[in-house]
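Order of the sequence lines sets the chain letters (A, B, ...), proteins ahead of strands, with each chain counted from 1. Here the structure is a predicted model, which means the values were calculated and not measured.
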Amino acid sequence: MLVAMPRDANTTHILLVGQVRPYVREDLQASLPHCQFHDHRVHAGAVEAKGRIDRARGLLGMSPREFTKEELADRNLKRRLRDHPEIKYALAIGEDAQRVLRSTLQDRTDVIGFGSVGALKRCVQRSTAIDLSDLGDRLVDPAYTFEAVAAAAPPVSSTPSRVRLLVGPDNQFGLATSLAQAVATHRPEISAISLSIGEAGFPADIMVSERDWESTEVRRKIRADTRSATHVLVTSDGAEFSGKRRARKRYLSGFTADSVVNPDFALDPRTSSEHSPWLPLVVPAGLLARRLRVSDTPARSLIIQSGSLSYGAARRLAAVGQFGMSELIDVHDVDPVLRLQVAATCAFVLDLRQRPSPDAIVLAALAGGAIVVTDFSDWHGPVEAPPHTPRGSDAIVSLTQALASTSMLEDQRTASKEYVRLHHDGRRTVGALANFLKVKRS
Amino acid sequence: MRVLAVAWYYPPLQGTGVFRTLALTNVLAEQGHEVTVLAPDREYFERATPLDTALERSIHPSIDVRRVPFPDLEDPIINRWPLGRVSDRALWRKRAKDLAIKEFPEPYYGVWRDRIVGTACRLQHEAPYDAVFVTGSAYVDYVVADALHTYYGVPFLMDDRDSFMFSVYDGTRRPHATRMRRWWETLASAATEIWFVNPPIADLHRRHYPILADKIRVVENGWDLEHLDQAKILRADAQRPIFSYLGAINSGFHLGELLDSWQEASGLGLPGEAQLRIWGNFGTRNRAINVSGSPTDSLALAAIHGKLPGRLREALEAAQGVRVLGAVPKSGVTSVYEETAVLVFFKEGGSLVTSSKIYEYMATGSPIVAVIPKQHDSHRVLSGYPRAHIADLADPDSWAQAFLSAWTDAQNGDAHRQLRAQRYAAKYRRDLILDPALGDFMGAVANAMEGLESQ
């Protein structure tokens, strides 16, 4: 039933959909004295309408038409909003009403539907403008990060430098960010910006989730933001650049058509070659600098690079190393975004993988002075292997031997830090990029 | 120096968490630092929270506030609800909550993580920061400190206030303890300083993390000079029997007990015209009432109808001399205190809870009736206050007497007595607490930078 009321241009008309409790109405009328409230019962109205239609069809000799109650409610609601264009707000109370209103208003931008009494009161009292644009649902879906990124000025175009480097799109452990940061530190005349697609969590200048990427509007804005890049350094999740990298490369080349794209690089020195030179991983600046850092906690943890450690083996390890069980950290139990930081505070790394590589976690641990027990027996490449204790046939025996010599442990900790500083603080990486960065854009 | 601060609780939001952040960033700006603040978008606050728009004018003009949209999982606008939300609301809510927790182990707020990290990296890229200041709650603010420290080596101050990890009500670990512990330990190990709001919380952390003891510092809440006109309150010399409670009224608030004690005190000797005025939001965030313009009893009562159990609602409506007046903006608290003879401090909590309101109460110099648990930390600050009338929350027989004793104090008091009480509270002026603490932190940052440059 529609409440009769004067058509007053200054009155805000609100349609109440669903069963409205008396105290809710009292609250609304007291809080919004200048509003007129219209009733719209969802199912009762729908059934009444269906009855009318059935009667009419019966008079015409037609069999009753099948409608669901919700279809009827939706139709009634649409008719009501069409007949009363002064209604700009609707409040749905109860799940049925919410479902119907959502269906009715899905493509409407002239009527705002509310699912909460409090929100309706606040927005009407404050005359809040509701954003129903294409990207309006970014407010609902946390995948949309674009607007936050857009809050800052576009960095690539803001630099006076001639070389503008875009690094991305894969950013596992902040790979792209660390590379961009290394370039910014060791080649300050170059502007470097990191971009990540689909790896929510790891910091980057432009963070785009897979869902963001699906939005044409988001891609268009990112394209505008990155168009001025003169060079693109394509990064990949894995130790080796993969097929995924090639797909990403095509993406990036699409909107940086004039840019110089890097040649192949290998992140593991053992896989490098003349055509695919070694690009040392960069250990994030904060893990190297430790500015103002006064202590580590926990001080004596062991991080395990494998998910296959049995409980019995863990107990043995704990006994051998005098660790508390809580100090045996399986790297897979740590949030990916925290793994480097946790590794950097560990005293030991036990790498039980089949063919271990000096990946970001091992390097972060070395940067913190950890003792790494691993298997680099097949090591070859342009540099010596990172300091480590050979794993041998029994990792626990090896760890026991490593723990036995305190002076050797100290030497190895110092050597670990030195190794990372020598090869992975970014200088050598930027050096490896020198030829690529020299190439002029055509 | 350039400082990046992250604060979910920031104006125009109306809530207790705002004032400390506002004061901290303002003090940094007054010390001459170039301050940027990451805060949620205004549109979110307008849709979902009570507002105190006047507070925005208190933001130091030199502060650059970057509004980062908050992805509200409880978005009330039906037009943009995904189909799953109306098809199966319970399932959708569970998935949304799981998603938020996956982002960061803090329900509701965690989903802000990617947006603030992305923005912070971008700003860092444009012009590097020398220090980061993060304050919880919301604890998701901390992720920016982690990102800028890990990837850019920027030192940071972690203002953990009431503790990320432990419940201040009983000292036990909060839900999602394992993931939270990992985050907290990672951050704490790298933080330059870690602040807490009172000694008991700081001691709890020192006991759990002796290695961090030197970094932990108590920086108490206080009262804000710019929001409170002490001289005006002194001149008002309120003599009418008006008792006022100001503060958030959340689910743990002992409203029933407050009404019982009021009724009993009224029967035992309070003047017939005595009033108990209750000022504050019922709940926080989107459960808050919102009374615009001049509040009236009926409007405020209508707004809380349905938010209280029936028994309490009836007791509230039936209680003699009780008025529910909704939230008061910070710019209006002086007027409330001017009219008030006795302030009512009725608080739950234990040894880890101080309650920030008590500092402002003491700054008025007015009598305070405090009904609190025996072990409540506010005893520590109230013990030296000359006009405190304290009753034990566990002893209902003592409540009414505390009200009567405070009313006698109000009748017998004079400006001199009030001034003496105000002077006691001078040491809790927030800017006087923050100035040296922030000065020490920024000094440590400057020393470290010099050290690096000389290497």
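- For B:S87, the part lying under 4.5 angstrom from a heavy atom of chain A is the backbone only.
- Inspection of the B:R85 and A:Q98 side chains reveals no N or O donor paired with an N or O acceptor under 3.5 Å.
- Here OG1 of B:T150 is found 12.0 Å from CD of A:Q181. Values are rounded to the nearest 0.5 Å.
- Considering every non-hydrogen atom in both B:R182 and A:V342, the closest pair reads CD-CG2, 3.7 Å.
- Crowding of A:K88 atom NZ: a count of heavy atoms from other residues, nucleotides or ligands under 6.0 Å exceeding 12.
- Between B:R179 and A:D335, at least one side-chain N (NZ, or NE/NH1/NH2) sits under 4.0 Å from a carboxylate O, which counts as a salt bridge.
- Rounding to the nearest 0.5 angstrom, the gap separating the OG1 atom in A:T128 from the CG atom in B:L51 is 8.0 Å.
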Item to check | Verdict with supporting geometry, B:L83 and A:Q106, side chain to side chain contact (heavy atoms under 4.5 Å, CB included) | outcome: CA-CA 10 Å; B:L83 188 59; A:Q106 201 179 358; over 6 Å; no
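- Proximity to chain B (any heavy atom under 4.5 Å) is shown, for A:I112, by both the backbone and the side chain.
- Interface remark: A:V111 contributes backbone atoms only to the contact with chain B (heavy atom separation under 4.5 Å).
- Across all their heavy atoms, B:R113 and A:G201 have their closest contact at NH2-CA, 2.9 Å.
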Next on the checklist: Pair A:T345, B:T186 - check side chain to side chain contact (heavy atoms under 4.5 Å, CB included), show working.
Outcome noted: CA-CA 8 Å; A:T345 60; B:T186 300; over 6 Å; no
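- Smallest separation of non-hydrogen atoms from B:Y151 and A:A285: O-CB, 3.8 Å.
- Residues A:R126 and B:E46 are not paired through a salt bridge, judged by the lack of any N-O separation under 4.0 Å between the basic side chain and the carboxylate.
- Residue B:W112 does not touch chain A at all, counting heavy-atom pairs closer than 4.5 Å.
- Among B:V86, B:L148, B:N79, the residue with the largest count of heavy-atom pairs under 4.5 Å with chain A is B:N79.
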Next on the checklist: Checking B:I77 against A:D131 for the side chain to side chain contact (heavy atoms under 4.5 Å, CB included) test, could you report, in this order, the C-alpha distance in whole Å, the side-chain angles of both residues, the deciding distance, and whether it holds?
Outcome noted: CA-CA 10 Å; B:I77 308 301; A:D131 178 8; over 6 Å; no
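- Of the atoms belonging to A:A180, not a single heavy atom falls under 4.5 Å from chain B.
- Closest heavy-atom contact between A:M207 and B:D114: SD-O, 3.6 Å.
- Within a 6.0 Å radius of CZ in A:R21, other residues, nucleotides and ligands contribute 12 heavy atoms or fewer.
- Among all heavy-atom pairs drawn from A:R122 and B:A48, the shortest one is NE-C, 3.6 Å.
- With a 4.5 angstrom heavy-atom cutoff, A:L120 does not touch chain B via any of its atoms.
- Using a 4.5 Å cut-off between heavy atoms, A:T177 contacts chain B through its side chain alone, with no backbone atom that close.
- Two residues are said to be in side-chain contact when any heavy atoms from C-beta on lie closer than 4.5 Å; A:L101 and B:W81 fail this criterion.
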Next on the checklist: Could you walk me through whether A:I130 and B:R80 satisfy the side chain to side chain contact (heavy atoms under 4.5 Å, CB included) test, starting with their C-alpha distance in whole Å, then the side-chain angles of each, then the deciding distance to 0.1 Å, before giving a yes or no?
Outcome noted: CA-CA 11 Å; A:I130 304 294; B:R80 55 192 180 208; 3.9 Å; yes
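- Only the backbone of A:A204 comes within contact range of chain B, judged by heavy atoms closer than 4.5 Å.
- Contact annotation: the side chain of A:S191 approaches that of B:H125 to within less than 4.5 Å [non-hydrogen atoms, C-beta and beyond].
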